[in-house]
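Reckoned from all heavy atoms, side chains included, excluding hydrogens, waters and symmetry mates.
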Amino acid sequence: MIEVRNLTKVYGQHKAIDHINFTVDDGEIVGFLGPNGAGKTTTMNIMTGFIAATSGEVSINGLDIVADAQKAKAQIGYMPDTPPVYGDMRVDEYLNFVADIKGVRRSLRKDMLAEIKRQVRIEDMSRRLIKNLSRGYRQRVGLAQAMVGYPKVIIMDEPTIGLDPKQIIEMRDVVKNLGNKHTVILSSHILQEVSAVCDRVMIINRGKIVASDTPERLSAKLSRGNNRMQVRVKGEKSKILKALEEYPVIRNVEAKSATEPGTIDLILSGEKDDMDIREFIFRCMCKNNLPILLMKSTELTLEEIFLQLTGDVRSGPAGYGQGAITGKTDTMIDDFFEEPKEEESENEASVSDASQEDESAGGEAHDTHI
């Protein structure tokens, strides 16, 4: 569905993204993670055709975002972190305006917009002025405009930024359901959000993809060899820690009060990375008459994975880099649109030429589109 090949963007002496390669499968929901300045928004802007790459290629459903710009952009719905809504318009008026721009057939428009409003849960807001809506509802209207025309791909930049907890949960539910009909890429700084809604996580750092996999597989691969155990023991903290001193093969990583009265939670690991310490823990606690109420293996959380891969390192651990999954391609939206004009106007040609000149000079070229 989406293919990104050797994508690079340079601003002067700064390389914002550096030969990025990845693919996204049809119907997949992918979370794009990275620290500020890592290159997330730049990559998304190039994928939507908003800015030009210094080098590399992006194809959407087999269409090149530069060579087949008009057709490729018809496959994309984009929701930036600040939705492009007009406050003095009513919701229905604005969505019809977007449908006009996208060339959606009038005979299909009524049912399409009704379905989209139902999906993003703004049916009751149809006659409201956008400027009078809460932040959460404006975000939903912004998502609705991205969905107009039923694009194959929806790209969202920080879709829940500024929302309260209830609105965040509601938006997550909406995003989950999008995967039934669309391929979705979203960027977010909220790691729990990505873990909750995404099929796969791509982590970008210093302009490079350093990991690409499901949160569960990332955790399993990066935790391999750590052999961390979570143990809940009934007894006094001082007695438990003294007992552990008798077994130097066990390293005490953390000890804190548990939710159960009179117990201590421990995170323990072996002296060696590949050591199985369960038997040592059992013998230690039995010898000192300290009941074990819980013992289970722990894996890295998405937050720990993110910090490990975006710390003071130039690349991820062995085995990570340009992870890719081959996507399927098919067409579902052609019947909704009026036939676009094939010929390119002189103005469009001049804009394209100017963009090429700007890029060769190291500047930032912007493609004009809505």
Open item on the list: Check whether D26 reaches the backbone of M1 with its side chain - one donor and one acceptor, N or O, closer than 3.5 Å.
Closed with: no
TODO: Quick one: sort the F280 and Y247 rings into parallel, tilted or perpendicular, breaks at 30° and 60°.
DONE: perpendicular
TODO: Spell out, as yes or no, whether a donor-acceptor pair under 3.5 Å connects the side chain of K40 to the backbone of I203.
DONE: no
Open item on the list: When you measure from the side chain of E115 to the backbone of M112, do you find a donor-acceptor pair of N or O atoms at a distance under 3.5 Å?
Closed with: no
Open item on the list: Less than 3.5 Å apart, any donor N or O on the side chain of T8 or D18 sitting next to an acceptor on the other?
Closed with: no
TODO: Return the minimal non-hydrogen interatomic distance between V194 and G31, and the atom names on each side.
DONE: CG1-CA, 4.1 Å
TODO: Report yes or no: do D64 and S59 form a side-chain donor-acceptor pair below 3.5 Å?
DONE: no
TODO: Indicate yes or no for a side-chain donor-acceptor contact from D276 to the backbone of R278 under 3.5 Å, with no hydrogens or angles considered.
DONE: yes
Task: Side-chain donor/acceptor of T183 to backbone N/O of G27, under 3.5 Å - done: yes
Open item on the list: Take a 6.0 Å sphere around CG of N180 and say whether it holds more than 12 heavy atoms from other residues, nucleotides or ligands.
Closed with: yes
Open item on the list: Keeping N45 on the side-chain end and T42 on the backbone end, is there a donor-acceptor pair under 3.5 Å?
Closed with: no
Open item on the list: Is it the case that the side chain of Q75 and the backbone of A72 share a donor-acceptor pair, with hydrogens and angles ignored and the cut-off at 3.5 Å?
Closed with: no
Open item on the list: Keeping K9 on the side-chain end and A52 on the backbone end, is there a donor-acceptor pair under 3.5 Å?
Closed with: yes
- [ ] Please assess S126 against K117 for the test side chain to side chain donor-acceptor pair (under 3.5 Å), listing each intermediate value before the final yes or no.
- [x] CA-CA 8 Å; S126 296; K117 288 188 292 182; 2.9 Å; yes
Open item on the list: Quick one: does any side-chain atom of R109 pair with a main-chain N or O of V104 as donor and acceptor, under 3.5 Å?
Closed with: yes
Task: Heavy-atom neighbours of E260 CD exceed 12 at 6.0 Å - done: yes
Open item on the list: Tell me whether the rings of F32 and F22 are parallel (<30°), tilted (30 to 60°) or perpendicular (>60°).
Closed with: tilted
Open item on the list: Do K73 and T48 pair up side chain to side chain, a donor and an acceptor below 3.5 Å, judged on atom types alone?
Closed with: no
Open item on the list: For R283, is the CZ atom crowded, meaning more than 12 foreign heavy atoms sit under 6.0 Å from it?
Closed with: no
Open item on the list: Is it true that R172 and T160 share a donor-acceptor pair across their side chains at a distance under 3.5 Å?
Closed with: no
Task: Donor-acceptor under 3.5 Å (E93 side chain, R90 main chain) - done: yes
